[in-house]
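Positions are given from 1, in the same order as the sequence printed here.
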Amino acid sequence: MAGSKLVLEGRVSIISFISGLGVLVIPLLVKFGSHIDWIFDYLTDVNGKIAIAAYITVINGFLLIIYKGPLYKVAVRACFLGFAFGCGLILSFADTTWTHFGWYMCSLSFFHYSEYLVTAIINPRSLSLDSFLLNHSVEYTVAAVSSWIEFTVEKLLIPEIKQMNWLCLVGLLMVFCGEGLRKAAMLTAGSNFNHIVQNEKAQSHVLVTTGVYALFRHPSYVGWFYWSIGTQIMLCNPICILGYTIASWRFFRERIEEEEISLINFFGEDYIEYKKKVFTGLPFISGIRVNS
């Protein structure tokens, strides 16, 4: 049952993501073979907006015809993320001052799509629309929108602050490393990984201490922590860099303490010994205190 779910929903998400990514074809069809610096101007032009709107409408229509019910919900989300990734690539390679925002779009859309796809691979029983993490929380949405607003306002008022290329590259490196660490953690944990903290131990639940878990007790949280801050460093958003750091740190401190209570209940002395040997991976977060 779980295997068929993986094959079907995973395949649907891949096809839909690629369909959304097809937005890259639009500017290439308009002026094939030209230098890429014209693309941004074209896509912000009225004709470009009409072409993109028509493309989205046609693709959505096909998805609606091909997939029904839950599968359509998966398809439309994956397609949207593929579309965002494609637009991000266009901005990233165009001759425009919005290049770094293009990096951000690629990073954000890939993060959310890969969360779903990797979950489909490692733990299809837990797979749901929530696996995209698009509706993670109200706070997460507010944080994302705040970063977009800050970037736009500062770009209009003090554009030079958005052209600190060395700082953007530092942020991009943090994003790559954070994303890689998180996905490595998910793949290493396999079916033990779940986006929701588990309060009851499943029969297949084992304590994972190998791979990246030998380096950090909570590598998926470490990866997400530095990925989130990296996105704001990449955008040169000073206010959100501070805000994301504080908010992420508080969130993961509470999350780790909650999770470790369950892990101690599940694995007892084995987890306590593991806890003594391996650092959480996050600064000034030691996890739940255990009396000696």
Side-chain angles (χ1 to χ4, degrees), residues 1-34 36 38-94 96 98-99 101-121 124-138 140-141 144-145 147-149 152 195:
M1 186 73 174
S4 62
K5 185 176 185 180
L6 162 63
V7 172
L8 184 57
E9 296 193 7
R11 182 189 301 163
V12 167
S13 72
I14 293 171
I15 293 172
S16 301
F17 184 86
I18 293 173
S19 297
L21 189 60
V23 69
L24 291 169
V25 175
I26 296 175
L28 298 179
L29 289 176
V30 176
K31 196 172 182 182
F32 180 79
S34 295
I36 206 162
W38 59 270
I39 292 179
F40 181 75
D41 292 335
Y42 173 74
L43 292 181
T44 54
D45 183 315
V46 174
N47 291 333
K49 291 177 181 178
I50 292 174
I52 289 176
Y55 178 80
I56 293 174
T57 301
V58 171
I59 291 299
N60 186 64
F62 276 120
L63 294 177
L64 192 57
I65 293 171
I66 298 171
Y67 304 117
K68 304 294 182 184
L71 285 180
Y72 172 72
K73 293 179 180 179
V74 170
V76 76
R77 284 162 174 76
C79 182
F80 166 74
L81 292 171
F83 171 77
F85 189 85
C87 289
L89 284 178
I90 290 173
L91 290 180
S92 297
F93 290 100
T96 170
W98 289 81
T99 298
F101 196 81
W103 295 1
Y104 169 80
M105 288 180 66
C106 290
S107 303
L108 187 65
S109 55
F110 181 80
F111 170 79
H112 284 287
Y113 175 68
S114 61
E115 287 291 303
Y116 183 89
L117 185 61
V118 174
T119 301
I121 294 170
R125 294 181 185 279
S126 70
L127 192 64
S128 70
L129 289 177
D130 291 337
S131 299
F132 282 109
L133 296 185
L134 288 170
N135 57 340
H136 179 269
S137 65
V138 174
Y140 182 83
T141 303
V145 174
S147 74
W148 307 341
I149 293 173
T152 304
H195 285 116

Shortest non-hydrogen pair, Phe132 vs Ala78, comes out as CZ-N, 4.1 Å
Between Leu91 and Gly102 the two heavy atoms that sit nearest each other are CB-CA, 3.7 Å
Say you draw a straight line from CZ of Arg77 to CG of Asn135; how long is it, rounded to the nearest 0.5 Å?
7.5 Å
Which value, rounded to the nearest 0.5 Å, describes the distance between Tyr116 atom OH and Leu127 atom CG?
4.0 Å
Across all chains, not counting sequence neighbours, the side chain to side chain contact (heavy atoms under 4.5 Å, CB included) partners of Ser109 are Leu81, Ala84, Phe85
Side chain to side chain contact (heavy atoms under 4.5 Å, CB included) with Ser92: which residues, sequence neighbours excluded?
Trp103, Cys106
For Val76, side chain to side chain contact (heavy atoms under 4.5 Å, CB included) partners two or more places apart:
Asn60, Tyr72
Taken to the nearest 0.5 Å, the spacing of Lys73 NZ from Ser128 OG works out to 11.5 Å
Give, for atom CG of Leu133 and atom OG of Ser131, the distance between the pair rounded to the nearest 0.5 Å.
7.0 Å
Which class fits the ring pair Phe101 and Trp98: parallel under 30°, tilted 30 to 60°, perpendicular over 60°?
perpendicular
Hey, are the side chains of His195 and Asp130 touching, using non-hydrogen atoms and a 4.5 Å cut-off?
no
Taking side chain to side chain contact (heavy atoms under 4.5 Å, CB included) as the test, write out the residues that go with Val145, two or more places apart.
Thr141, Trp148, Ile149
Applying side-chain hydrogen bond (donor to acceptor under 3.5 Å, both in side chains), name anything that partners Tyr67, two or more places apart in sequence or on another chain.
none
Sequence neighbours excluded, the answer for ring-ring contact (aromatic ring centres under 6.0 Å, His included) partners of Phe111 is Trp224, Trp227
Just verifying a value: how many Å separate Leu129 CG and Leu134 CG, rounded to the nearest 0.5 Å?
9.5 Å
Which atom pair, heavy atoms only, marks the closest approach of Ala144 to Tyr104?
O-OH, 4.4 Å
Check residues 14-21 and write down every donor-acceptor pair under 3.5 Å in which the side-chain atom is one partner and the other belongs to a residue at least two apart or another chain.
unit_1 : atom_1 : unit_2 : atom_2 : d
Ser16  : OG     : Val12  : O      : 2.8
Ser19  : OG     : Ile15  : O      : 2.8

Partners of Tyr140 by ring-ring contact (aromatic ring centres under 6.0 Å, His included), sequence neighbours excluded?
His112, His136
